[in-house]
Amino acid sequence: MPIAPIAFGPLLADLDARGLRRRRRVVRQAEGEAADIELDGRASIDFCSNDYLGLSTHPRVVEALAAAAYVHGAGARASHLVTGHQTEHEAIECELAAWTGRERAILFSTGYMANLGLAAALAGRDDTVYGDCLNHASLIDGGRLSRAVIRVFPHADAAALDAQLQAQSSGRALVLTDGVFSMDGDLAPLPELAAVCLRRGAFLAVDDAHGLGVIGATGRGALEHFGLGEREVPALVGTLGKAFGSFGAFVAGSAELIETLVQRARTYIYTTALPAPVAAAARAALAVSIDEPWRRERVLALTRRFRERATTAGLPLADSATPIQPVMLGGAGTAVQASEALLERGFYVAAIRPPTVPDETSRLRVTLSAAHREADVDALVDAIATILAPR
Ligand SMILES: Cc1ncc(COP(=O)(O)O)c(C=O)c1O
């Protein structure tokens with residue numbers, strides 16, 4: 001058989017036919033709050049970023065980035081294990097370890113890389129990796145990269161996980177779950193998952209990209225919310241590009257776990273360290289999140305406000321108490337049309353479609369931020385209600 005060409009036309013035509021072609025929009029920060037943007041040159045309010053605390057434009061964060069650039073330069077010049085591990089990286093690792101109450105933390109350039117590195121470092125061909133069916137793509141891809149046997153359990157179903165673990169007859173078991181599910185906003189049943197893992201001898205890693213900084217009495221995420229520690233959840237993944245408004249990610253855990261990742265995580269070893277100014281910005285953001293707890297209280301108050309008004313307006317909300325508030329619309333075309341109609345009214349809410357979410361569960365993924373005004377939230381609910389009202 002001759003080698004087939006890689007033909008782009010049919011690939012793209014297929015996406016068009018299924019209404020799944022995605023489009024990038026050019027964003028520019030506008031005057032005002034972090035959520036005030038220009039989108040393709042037009043003034044909009046951003047209701048789909050992950051900047052939950054509004055820290056991406058916070059003066060302390062921006063000034064830390066600029067100041068560190070003058071001291072350390074723009075780039076880290078090498079990977080961490082060569083000459084790229086700079087003082088800002090070391091400092092943020094120590095601060096994240098202290099903040100999460102773990103012995104050590106390791107900094108990755110992105111959450112995607114953290115999850116790939118973690119899964120492939122801890123599991124191999126003879127092992128089994130378990131994951132919730134709604135896990136983030138980076139956890140799914142991490143499992144695949146490890147070459148372990150993959151078992152997917154129904155969403156938030158600890159009993160199903162238990163049954164799957166019981167059936168495993170050899171090798172190690174690694175269980176991966178989002179803490180707060182990125183497209184749904186609900187929390188994983190971490191106490192139940194942890195109890196199953198402890199009973200069966202499985203290792204539990206929780207990716208709390210959307211919980212850290214936002215939920216828990218002091219913003220320490222889903223684990224704090226449930227009162228869980230290192231015994232129950234030995235590996236905690238966090239990102240710095242969401243509530244911390246900057247960039248990067250980390251894994252926190254025991255000194256032995258982190259040393260294992262330093263030695264074995266290929267997405268840590270074989271890549272240039274993230275720029276020191278970025279680490280400095282993330283350090284400042286972590287400090288601001290601690291110094292200004294009103295930001296967390298505000299985003300949660302705005303979330304409650306959105307839910308109350310949206311419920312009154314009859315919007316099809318998902319069962320979420322976090323700033324991720326999906327409006328469930330079903331078909332991809334419906335979600336895209338709603339997103340475009342909102343854009344015309346000055347609100348940017350992305351339509352989330354397959355393969356990011358299962359078929360027929362396309363949605364508007366509304367996210368709230370401390371950088372929103374009450375009036376913005378009210379106007380968004382009114383606009384969605386108008387757009388979805390039967391004509
Ligand atoms: C649950 C979860 N984990 C990991 C990531 C990846 O993080 P990053 O954007 O830093 O690569 C995301 C989102 O992007 C996410 O939602």
Side-chain angles (χ1 to χ4, degrees), residues 22 24 27 46 48-53 55-56 89 92-93 96 100 105-120 129 131-145 152 155-156 174-188 190 193 204-215 221-223 225 233 235-252 261 265-268 271-275 278-279 281-282 285-286 318 320 322-326 350 352-353 355-358 363 365-369:
R22 304 184 201 211
R24 299 182 306 176
V27 176
D46 188 350
C48 54
S49 88
N50 302 309
D51 188 11
Y52 304 118
L53 303 180
L55 294 182
S56 65
H89 303 129
I92 193 169
E93 286 185 350
L96 288 167
T100 56
I106 176 174
L107 186 65
F108 284 83
S109 291
T110 68
Y112 188 87
M113 292 164 77
N115 285 332
L116 252 56
L118 175 78
V129 172
D132 186 291
C133 67
L134 295 188
N135 270 355
H136 187 260
S138 54
L139 290 173
I140 298 171
D141 294 355
R144 290 178 181 156
L145 189 66
V152 177
H155 182 50
L174 172 64
V175 177
L176 304 174
T177 182
D178 284 23
V180 172
F181 285 88
S182 57
M183 296 299 132
D184 296 77
D186 60 329
L187 271 72
L190 294 181
L193 294 175
L204 177 60
V206 173
D207 173 357
D208 204 19
H210 297 275
L212 287 168
V214 180
I215 61 171
L223 272 62
H225 173 85
V233 181
L236 171 63
V237 181
T239 59
L240 302 167
K242 304 188 196 300
F244 300 108
S246 42
F247 189 75
F250 65 93
V251 180
L261 296 179
R266 293 169 68 85
T267 54
Y268 179 77
T271 192
T272 302
L274 63 74
V278 172
L286 177 62
S320 159
T322 69
I324 301 171
Q325 289 293 324
I352 308 290
R353 296 167 274 172
T356 307
V357 292
R363 64 200 69 182
R365 177 178 178 268
V366 173
T367 53
L368 284 306
S369 166

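When a ligand or atom number is given, it counts from 1 through the structure's own listing order.
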Between ligand 1 and the protein, give all atom pairs where both partners are nitrogen or oxygen and the distance is under 3.5 Å, as lines of names plus distance to 0.1 Å.
unit_1: ligand 1; atom_1: 3 (N); unit_2: Asp207; atom_2: OD2; d: 2.5
unit_1: ligand 1; atom_1: 10 (O); unit_2: Gly111; atom_2: N; d: 2.7
unit_1: ligand 1; atom_1: 11 (O); unit_2: Gly111; atom_2: N; d: 3.1
unit_1: ligand 1; atom_1: 11 (O); unit_2: Tyr112; atom_2: N; d: 3.0
unit_1: ligand 1; atom_1: 14 (O); unit_2: Lys242; atom_2: NZ; d: 2.8
unit_1: ligand 1; atom_1: 16 (O); unit_2: His210; atom_2: NE2; d: 2.6

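A distance-only check finds no donor-acceptor pair linking the side chain of Asp132 to the backbone of Ala188 [under 3.5 Å]. Of the possible polar contacts, none joining the Thr367 side chain to the Asn50 backbone as a donor-acceptor pair under 3.5 Å is found. Looking only at distances, a side-chain donor or acceptor of Asn135 sits under 3.5 Å from a matching main-chain atom of Asp178. Listed for the Ser246 side chain is a donor-acceptor partner under 3.5 Å among the backbone atoms of Leu240.
Looking at His155 and Asp184, their side chains never bring a donor and an acceptor atom within 3.5 Å of each other. Side-chain contact check for Arg22 and Thr356: at least one donor-acceptor pair (N or O, by modelled atom type) lies under 3.5 Å.
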